[in-house]
There are 2 protein chains.
Amino acid sequence: MDERKQKVLRAIIMDYISTADPVGSRTIAKKYNLGVSSATIRNEMADLEEMGLIEQPHTSSGRVPSDKGYRYYVDHLMDEDDLVGGEKDIIRAFFTDRFNRLDQLYHETCKVLSELSPYVTMIMTPVKSSGTLEQLQLIPVSPFQAVLVLVTDVGLVHHRTVDFPVPVSEERLKEVGQILFKRLKGRNIDDVNITLMREISGELKEELDIVDSVFEMMSDAVKSSGEEKVFLEGTLNILNQPEFNDVKKVKEVLSFLQDEKILRELLHGKNGIGMNFSIGDELSHDEINRCSMITCTYSINGNTMGNIGILGPTRMEYARSASLIKEVAKELSNVLDHNEKK
Amino acid sequence: MDERKQKVLRAIIMDYISTADPVGSRTIAKKYNLGVSSATIRNEMADLEEMGLIEQPHTSSGRVPSDKGYRYYVDHLMDEDDLVGGEKDIIRAFFTDRFNRLDQLYHETCKVLSELSPYVTMIMTPVKSSGTLEQLQLIPVSPFQAVLVLVTDVGLVHHRTVDFPVPVSEERLKEVGQILFKRLKGRNIDDVNITLMREISGELKEELDIVDSVFEMMSDAVKSSGEEKVFLEGTLNILNQPEFNDVKKVKEVLSFLQDEKILRELLHGKNGIGMNFSIGDELSHDEINRCSMITCTYSINGNTMGNIGILGPTRMEYARSASLIKEVAKELSNVLDHNEKK
DNA sequence: TTTAGCACTCGACGATGATGAGTGCTAACA
DNA sequence: TGTTAGCACTCATCATCGTCGAGTGCTAAA
């Protein structure tokens with residue numbers, strides 16, 4: 001793979017990324033002055049095609065990068081595309097705002113990213129919040145109802161309404177709450193399971209009816225906190241991409257993205273740390289085999305916590321999107337660090 | 001408007017609703033045996049067109065109902081379309097499930113509706129929850145952080161993380177929480193404003209730094225609870241409708257529906273009680289002037305609380321959708337009643 | 001090794017004509 | 001007087017066909 005071939009490949013990919021039209025030898029000779037004529041470039045292109053890096057949709061049309069071509073580009077040719085100054089400012093400014101709730105922070109972050117890029121963006125909240133229980137409180141509402149509030153050490157708050165089969169006085173409720181708290185404080189939140197429940201129930205025999213109801217809601221809260229939540233934005237962005245000018249394709253991809261389980265899977269991907277590119281078939285889902293995805297991990301105090309992702313057509317702006325996602329991941333980690341320290 | 005004209009109009013609308021093709025005189029003569037020939041029907045159709053109830057996309061094509069035609073149909077011709085037995089069962093069964101959280105209930109309800117109808121569905125949570133404060137609690141997390149929990153009498157629970165500028169001991173926090181609760185208990189949640197805050201601040205002079213932070217979060221919670229939240233589902237359903245086989249239209253409508261303020265407006269609509277039909281231009285938004293919307297109010301203990309809506313092309317199944325929405329509203333009201341009584 | 005020249009391919013686009021669904025009108029009929 | 005059969009007419013749809021042009025591969029000369 002000599003240098004000129006690389007230059008030609010890069011030129012093809014960059015042109016195709018910005019125009020979405022198959023690119024011909026003449027275009028390259030004119031727009032990207034490589035100092036050789038279109039005929040020479042044609043020869044190079046024939047070679048590149050033989051190597052499987054580019055393809056011809058049909059005889060006598062320009063060339064289009066193949067998945068393999070994009071992969072080569074991402075691995076070897078791509079410049080670090082520094083964002084326009086203004087964009088970095090937007091991201092910074094965004095993260096100096098205060099967020100009252102954690103889910104709001106994720107949601108808004110995802111949204112900002114979707115406004116800065118013309119693709120679908122997603123953020124997955126921390127993996128299996130391996131948090132410990134910091135607080136547990138039962139707040140009386142009526143004789144038959146109370147609100148259960150759980151706080152974990154990573155600052156997550158859950159609440160559930162608990163219904164009791166029998167009336168419960170405020171005093172009794174308070175007592176039970178305190179006992180439960182004492183027993184559960186500092187424990188890993190995943191430990192809230194049947195075994196533990198049995199154990200505690202034994203101790204609280206008289207209050208069995210209350211404890212049962214509370215435990216039910218507690219495990220419900222734990223279950224939903226255990227699952228990583230995925231925020232999705234910018235789904236309509238892809239309607240602007242020429243590869244989605246067919247309603248059938250739009251439907252296929254958008255329906256596919258409706259399933260949160262799928263999104264989690266996509267974001268987990270190769271769960272290495274840092275940036276990750278998956279191109280076309282590498283995503284191994286037929287529904288999005290004409291798409292690529294860039295993911296990046298973010299962290300709290302250095303511990304990898306979750307993933308941010310951008311999904312676009314294989315013809316996406318890899319360099320720009322990567323810089324974008326990296327910047328956002330950095331700033332998000334920053335904010336979460338601060339939040340944690342307090 | 002004699003009876004035969006009505007029959008013809010109804011036939012045209014029903015046929016168009018199910019086929020989406022302009023319907024001709026011959027089709028009607030054959031499929032809906034009105035006992036007259038196509039020529040006669042042609043004459044009737046000419047009259048109906050003169051009355052503005054149907055239209056011809058171009059000379060020599062079949063007729064298509066106009067907005068006015070649909071309006072006449074909805075007002076005078078529509079049968080109460082009883083749902084297929086199975087569907088009612090599905091709805092019933094759905095509502096016998098238990099829901100741990102109120103927002104989950106709304107969300108799932110919206111989803112069920114979107115699965116039973118091929119259109120976009122939405123549910124708006126209670127209008128300006130004019131609830132009173134039932135509970136207020138400050139749960140310590142760290143010296144600089146606490147969780148504020150608010151419970152209103154309609155069973156809504158809000159929580160916010162409060163940051164303090166100075167360390168606060170658990171005892172002080174408890175004290176402040178109790179004083180605040182005493183002062184605010186039973187008050188309308190909208191009353192939490194600056195005046196009241198001043199009043200209470202005066203009383204709690206020593207704890208000003210704490211109270212300030214708490215109030216900030218409180219008004220944030222109140223603000224977000226004051227706004228009616230809208231749940232939206234089935235947006236992808238419309239991709240199956242032939243009127244949306246053009247990506248441009250899809251984009252226009254879907255982008256339009258992204259704005260929650262717009263959705264609130266649509267659902268408020270003519271805020272009478274019960275069922276409401278808005279057809280085409282009656283929605284007074286150009287982006288959806290080829291759509292119709294059916295809304296229905298639901299209630300808690302007889303007090304009208306919020307709205308459920310179905311949005312589809314003007315060629316939507318009015319009767320079926322209306323029955324569907326009515327049934328769901330009934331069952332939802334039912335569940336909410338029960339929830340309230342406890 | 002590079003380049004100019006040339007024949008060739010093939011999708012896009014516009015014009016053309018056939019097809020058929022559907023209409024309005026008229027005249028005959030009950 | 002209302003209904004119907006017949007007929008001429010309209011117009012969207014669709015397939016066909018030729019043109020155009022972008023782009024290629026190959027060859028021969030520089």
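Residue numbers begin at 1 in each chain, while the letters A, B, ... track the order of the sequences.
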(request) Return yes when atom NZ of B:Lys5 has more than 12 non-hydrogen atoms of other residues, nucleotides or ligands closer than 6.0 Å, and no otherwise. (result) yes
(message) Between P on D:dT3 and CD on B:Glu44, what's the gap in Å once rounded to a whole number?
(response) 7 Å
(message) I need the CD1-C1' distance between B:Ile41 and D:dG2, as an integer number of Å.
(response) 15 Å
(message) Within the 4.0 Å limit for protein heavy atoms, which parts of nucleotides 22-30 of chain C are touched? Write it as a string from 5' to 3', B for base, S for sugar-phosphate only, - for none.
(response) BBB------
(message) Using a 6.0 Å cut-off, check whether atom CZ of A:Arg26 has over 12 heavy atoms from anything other than its own residue.
(response) no
(request) In whole angstrom, give the distance that lies between atom CD1 of A:Ile28 and atom C1' of D:dG23. (result) 12 Å
(request) Take atom CG of B:Leu34 and atom P of D:dG2, then tell me their distance rounded to the nearest Å. (result) 18 Å
(request) Calculate the interatomic distance between A:Asn245 atom CG and C:dA12 atom P; express it in whole Å. (result) 12 Å
(message) Any salt bridge linking A:Asp67 with A:Arg71? Criterion: basic side-chain nitrogen under 4.0 Å from a carboxylate oxygen.
(response) no
(message) One thing to verify: whether A:Asp79 and A:Arg10 come together as a salt bridge, which I'm taking to mean a side-chain N less than 4.0 angstrom from a carboxylate O.
(response) yes
(request) Please report, rounded to the nearest Å, how far the C1' atom of D:dG23 is from the NZ atom of A:Lys30. (result) 13 Å
(message) Considering only residues two or more places apart or on different chains, which pairs with a residue in residues 38-79 of chain B satisfy ring-ring contact (aromatic ring centres under 6.0 Å, His included)?
(response) B:Tyr70-B:Tyr318, B:Tyr72-B:His76
(request) Indicate yes or no: does B:Arg264 engage B:Glu260 in a salt bridge with an N to O separation below 4.0 Å. (result) yes
(request) Can you tell me the distance, in whole Å, between the CG atom of A:Asp21 and the C1' atom of C:dA12? (result) 12 Å
